[in-house]
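A note on names: the letters A, B, ... follow the listed sequences, proteins ahead of strands, and every chain is numbered from 1.
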2 protein chains.
Amino acid sequence: MVKKDKSRRTEILEKAAILFHKKGYSATSVRNIAQEMKMESASLYNHIKSKQEILQAILLPIAHRYTKGIQEISNSPLTSIQQLERIIADQIRITIENIDGVSLIPNEWVHLEKTKERDALKEFLDLRNLYEKEFKKVFKKCIKEGYLRKVNVDIAVFSILSTLRWLYSWYSKNQKINPLVLETELINNLIGGLKKT
Amino acid sequence: MVKKDKSRRTEILEKAAILFHKKGYSATSVRNIAQEMKMESASLYNHIKSKQEILQAILLPIAHRYTKGIQEISNSPLTSIQQLERIIADQIRITIENIDGVSLIPNEWVHLEKTKERDALKEFLDLRNLYEKEFKKVFKKCIKEGYLRKVNVDIAVFSILSTLRWLYSWYSKNQKINPLVLETELINNLIGGLKKT
DNA sequence: GTCTATAAGTCGATAGAC
DNA sequence: GTCTATCGACTTATAGAC
């Protein structure tokens, strides 16, 4: 089976993600994106409806991917601590697969808007809330079943998610590392801790 | 002693930090800042030279504060593990004191520019590199002296700094927490780990 | 599907009256 | 030190020729 050519639209989304990552959504002009595509900015509009639609087309599929992943894992027959480790591993994989897209998740979502087609801001925030709720549920189960210490759940979950949110930044500068080493090391640090016992 | 009136310039920097936090530097216009000050945008220029100067006046003092803090701690006679804990506590304090300003550190520094007066981008990045170098030095000493496990230093330090970088975001939504509880809990999680032993 | 031309608005910043 | 007025550049997006 021959791989289908990358559509022009997909190319635009990829170039845009790189530019948004580098300078942010607001500081990136439609002309900048066109230049990367070696087109005039007017030509872009044959493939996309607006600059806003580009941002939505990058961010929302990633947000859906995260939520789908955590739901599948938390509905699986794994033990709670295994689920927690899998959820962390899943986030690491999503990040490595699409650094530029994922890099927009922590901050650039604020530029999502409600458009005629969809309320992208609400859609994103709903998915994010669902994800955090699911994450905390699994985390609490790990405590209840005696896998983890009785820590403050809000603080501990925030701390783990912070590391995962910033992974894109670290990974862009350290791409040579073996992803499986990264996965193992990170899970050990985040859950096991650093202190010598 | 009577507290000196807040200068008009300081007010501008505070309002600007809030807006930059909310929408980012690029998406915030000089007119937006003026509106918060209940002035016309032209009037702002009696207090500041340019929009860029505002960003520099917010970010660079914070960057200097971080670096000064870590250097004082790492030159103190504390043990390496005590230094590490103090460094983390210092970051938490800086964040709580100035959430809006600190919120710009992770991402908005990319909009710093070289101006006639100073090369703000270079200045910032030099300070950041110095900070990370110092942090890793202390961390390595903790391993060498047997306080911490022999983990991958780059990954572990990135992970800790990620949590501290994102603290502003979590704290803005959880300001009711006792800062000392936050400090203790976070240091325990980051260094001690979550696993039940 | 790409182009040129351009609309309609916003941007940061300045000049000069008061 | 604040205002009105305005400059010139840049913004997203559209119209219409090819």
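The ring pair (Phe, Tyr, Trp, His ring centres under 6.0 Å) test applied to B:F139 returns no partner, not counting sequence neighbours. In this structure A:K137 satisfies the salt bridge (Lys or Arg N to Asp or Glu O under 4.0 Å) test together with A:E134, sequence neighbours excluded.
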field: B/S/- contact track for nucleotides 10-17 of chain C, protein heavy atom under 4.0 Å
entry: -BBBBB--
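Proximity of A:I177 to B:D154: side-chain heavy atoms (C-beta onward) are nowhere separated by under 4.5 Å.
At whole-Å resolution of the value, CG in A:L44 and P in D:dA13 are 11 Å apart. To the nearest angstrom, P of C:dT6 lies 15 Å from CD of A:E40. Straight-line distance from the CD1 atom of A:I33 to the C1' atom of D:dA13: 13 Å, rounded to whole Å. One can place CZ of B:R9 at 15 Å from C1' of D:dG1, the figure rounded to the nearest angstrom.
Salt bridge absent: B:R86 and B:D90 never bring a charged side-chain N and a carboxylate O closer than 4.0 Å. Of the charged side-chain nitrogens involved, at least one lies within less than 4.0 Å of a carboxylate oxygen, so that B:R9 and B:E53 count as a salt-bridged pair.
More than 12 heavy atoms of other residues, nucleotides or ligands lie within 6.0 Å of NZ in B:K173, so this atom counts as buried by the packing criterion.
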